[in-house]
Visitor: 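Dropping the structure in here first, questions after.
Naming convention: chains lettered A, B, ... in sequence-line order (proteins, then strands); numbering from 1 in each chain. Treat the numbers as computed from the prediction; the structure is a model and nothing was measured.
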Amino acid sequence: MAKLDNSPPRGTRDMLPDEVSRRELLIGRLVSAYEVFGFRRIETPALEDISRLSSGEGGENEKLVYKVLKRGLDPVVDTGTSPDDLVDLGLRFDLTVPLTRFYANNQAQLPAPFRAMQIGPVWRAERPQRGRFRQFTQCDIDTLGEPGVLAEAELLEATLSALASAGVEPVEARVNDRRLLAAIATACGVGAGRRSSFLVTLDKLDKIGWPGVKAELVERDFGAAVAEETERVVTLLASAVDAGDMLARAADLVPGVADEVLGGLASTADALERLQQDPDGPSGFSYAVDPTIVRGLGYYTGQIFELRHPKAAGSVAGGGRYDGLVGRSLGRQVPACGISIGFERIVDLAEMAPPELGVAVVYDRADELGATLSAARRIRAAGRRATLVPKRSNLRAQLDGLSREGFTSFVVLEGGEAGEERALRSARPSGG
RNA sequence: GUGGCCGUAGCUCAGCUGGUUAGAGCGCCAGGUUGUGGCCCUGGAGGUCGGGGGUUCAAGUCCCCUCGGUCACCCCA
């Protein structure tokens, strides 16, 4: 038989036992942290109707959907058939779109406001890179039915507290508002039709700086005047000494922005300030109102968030308000807001104790099987974890290996009878 | 989806300008010493050099395609 390539599909990964232990432990921390705020865990299917994944609300991500062919297709496809007619399902590319369907479907049984938590895999047909996979896990919390910025402030607090409980520090939270961005675009002379193209470029400021942003704006045919005005307005906004100052400047520099928008950002910033001062709150985070963060997804309508960690590739969490999305499924507008943690981007930063495997029961293959099994069973009956391992010729080396694996003690069976249980001296690499 | 770099044992890597049966360390297995521990000694298994095609008397080494990783773009958790 020919040897096949055993690596998993591109951008997906196998998970070893130690990794799974670590991930489970981290999920437990996040779930506990979120439950304290009243978020209830739900689950939705990996598959959704393709039309729901292609509504245009998912922005760029919709181009990355894995599509599923209809069952029972004729093996020979005539050339006149459009590819779209062959597909009826797709793998979800985030947890938010499925959540809005879930809400519309189960609304009668859900409280208002409803606080949802979802943890599960999503798929995007991207080119993989460090911190970017084709299958990855998102940890979402969302509040549906709360129009006020209490939702925003609470979601940020819950996320910061969840990250802190996992030892993921320091985290920098940035907050902005889609409506402020729209007003900035207008103030700089950009028409509504070209707004998103403008914002995509502005979003790159921290990466390519003003020379890069201005060059790209000119390249995209916005003209030198728009480019200069953008630099002037945004620089003045960004050079504010604090959130309050920035918002005061915005009222002046960006005349089109509604007071409600600036007031909302002020409330969120104030809530984060008070959280930071509170000895009961999470520490190890900073925050800023940043008029240049954009976020790609098309469905955001209000405040948007981005959380970063210095060692993580890209952002560690992101989200925002999407008041229009539930209405697409329900036919009635329901305000909604959510944040998603990128699990793969924090799992290596989290401080998790290595798994403890309990007692290694070292047996001799020559001994009677029944006696061996019952010796291990007695240990388990005492509420402990016991794993049978066959004795190797070099016991010294074996014990060392068992310790590295994560066993904390061992007993050697002789004639099926357990000897004295002894602790394994730690041979684990430090920092485990 | 576009472009750059990379791909040799389970892991980390060596293999000069193409030239006999492709190497090391660690790990693994068996044994010795030990006799319920980190040392030491001996032996062993394990590679169609990511896969396919081509150039050549000869390819791990050169060319093309493909798969995978990585970086940049795009975008994003």
Visitor: Using atom CG of L64(A) as one end and atom C1' of C74(B) as the other, report the distance to the nearest whole Å.
Guide: 10 Å
Visitor: Tell me the interatomic distance from Q398(A), atom CD, to G31(B), atom P, rounded to whole angstroms.
Guide: 12 Å
Visitor: Using a strict heavy-atom distance below 4.0 Å, which residues from residues 121-135 of chain A are in contact with RNA chain B?
Guide: R124(A), E126(A), R127(A), P128(A), Q129(A), R130(A), G131(A), R132(A), F133(A)
Visitor: Roughly how many Å apart are G44(B) and G7(B), using the P atom of each and rounding to a whole number?
Guide: 31 Å
Visitor: What residues, two or more places apart in sequence or in another chain, satisfy salt bridge (Lys or Arg N to Asp or Glu O under 4.0 Å) together with D290(A)?
Guide: R174(A)
Visitor: Using the C1' atom in both, what is the distance from G50(B) to A9(B), to the nearest Å?
Guide: 14 Å
Visitor: Which part of the nucleic acid, if any, lies within contact of G318(A), taking any heavy atom under 4.0 Å across all strands shown: a base, the sugar-phosphate backbone alone, or nothing?
Guide: sugar-phosphate
Visitor: Find the distance Y299(A):OH to C75(B):P and express it as a whole number of Å.
Guide: 17 Å
Visitor: For A24(B), what is the paired nucleotide under Watson-Crick or G-U wobble rules, both distances under 3.5 Å?
Guide: U12(B)
Visitor: For R385(A), which residues count as a salt bridge (Lys or Arg N to Asp or Glu O under 4.0 Å) partner, sequence neighbours excluded?
Guide: none
Visitor: Rounding to the closest angstrom, what is the interatomic distance between G32(B) and G25(B) at atom P?
Guide: 23 Å
Visitor: Just do the side-chain contact (heavy atoms from CB on, under 4.5 Å) check on L307(A) and T159(A) with the steps written out, would you?
Guide: CA-CA 9 Å; L307(A) 276 66; T159(A) 302; 3.7 Å; yes
Visitor: What is the distance, rounded to the nearest whole Å, between atom CG of L199(A) and atom C1' of C76(B)?
Guide: 16 Å
Visitor: I'd like to know if R134(A) pairs up with E126(A) as an ion pair, taking the criterion as any Lys NZ or Arg NE/NH1/NH2 lying under 4.0 Å from an Asp or Glu carboxylate oxygen.
Guide: no
Visitor: For G46(B) and A24(B), measure between their P atoms and round to the nearest Å.
Guide: 15 Å
Visitor: Anything under 3.5 Å between a protein N or O and an N or O of nucleotides 32-36 of chain B, put it in a table, one pair a line.
Guide:
unit_1	atom_1	unit_2	atom_2	d
U34(B)	O2'	R396(A)	NH2	2.2
U34(B)	O2	R396(A)	NE	3.3
U36(B)	O2'	R422(A)	NH1	2.6

Visitor: State which residues pass side-chain hydrogen bond (donor to acceptor under 3.5 Å, both in side chains) with E157(A); sequence neighbours excluded, sorted by chain then number.
Guide: none
Visitor: Please work out which residues in residues 203-216 of chain A have a non-hydrogen atom less than 4.0 Å from an atom of RNA chain B and list them by number.
Guide: K204(A), K207(A)
Visitor: Can you check the distance between C13(B) and G52(B), where both ends of the measurement are the P atom (answer in whole Å)?
Guide: 25 Å
Visitor: Roughly how far apart, to the nearest Å, are G47(B) and C11(B) at atom C1'?
Guide: 14 Å
Visitor: Does D206(A) have any salt bridge (Lys or Arg N to Asp or Glu O under 4.0 Å) partners at least two apart in sequence or in another chain, and if so, which?
Guide: R308(A)
Visitor: Base, sugar-phosphate, or nothing: which does A360(A) touch, judged by heavy atoms less than 4.0 Å apart?
Guide: nothing
Visitor: Between U61(B) and G18(B), how far apart are the two C1' atoms, rounded to whole Å?
Guide: 6 Å
Visitor: Nearest nucleotide by nearest heavy atom, which residue falls closer to the 5' end of RNA chain B, S340(A) or T12(A)?
Guide: T12(A)
Visitor: Would you kindly give the CZ-to-C1' distance between R10(A) and C6(B), to the nearest whole Å?
Guide: 13 Å
Visitor: Whom does U17(B) pair with, Watson-Crick or G-U wobble, provided both distances fall under 3.5 Å?
Guide: none
Visitor: So that I can tick it off, tell me whether E154(A) and R115(A) are bridged by a salt bridge, with the cut-off set at under 4.0 angstrom between side-chain N and carboxylate O.
Guide: yes
Visitor: Listed by chain and number, what are the side-chain hydrogen bond (donor to acceptor under 3.5 Å, both in side chains) partners of K204(A), not counting sequence neighbours?
Guide: E216(A)
Visitor: Under the side-chain hydrogen bond (donor to acceptor under 3.5 Å, both in side chains) test, which residues partner Y287(A), sequence neighbours left out?
Guide: E273(A)
Visitor: Which nucleotide, in any strand shown, forms a Watson-Crick or G-U wobble pair with U2(B), with both distances under 3.5 Å?
Guide: A72(B)
Visitor: Could you check how far CZ of R392(A) sits from C1' of G38(B), rounded to whole Å?
Guide: 13 Å
Visitor: Expressed as a whole number of angstroms, how long is the span from E219(A):CD to C74(B):P?
Guide: 10 Å
Visitor: Using the test ring pair (Phe, Tyr, Trp, His ring centres under 6.0 Å), find all partners of Y322(A) that sit at least two apart in sequence or belong to another chain.
Guide: Y299(A)
Visitor: Of all residues at least two apart in sequence or in a different chain, which pass the salt bridge (Lys or Arg N to Asp or Glu O under 4.0 Å) check with R178(A)?
Guide: none
Visitor: Between C1' on G1(B) and NZ on K67(A), what's the gap in Å once rounded to a whole number?
Guide: 14 Å
Visitor: Return the set of residues passing ring pair (Phe, Tyr, Trp, His ring centres under 6.0 Å) with F222(A) (not counting sequence neighbours), or none when no residue passes.
Guide: F198(A)
Visitor: Ion pair present between E421(A) and R384(A), side-chain N to carboxylate O less than 4.0 angstrom?
Guide: yes
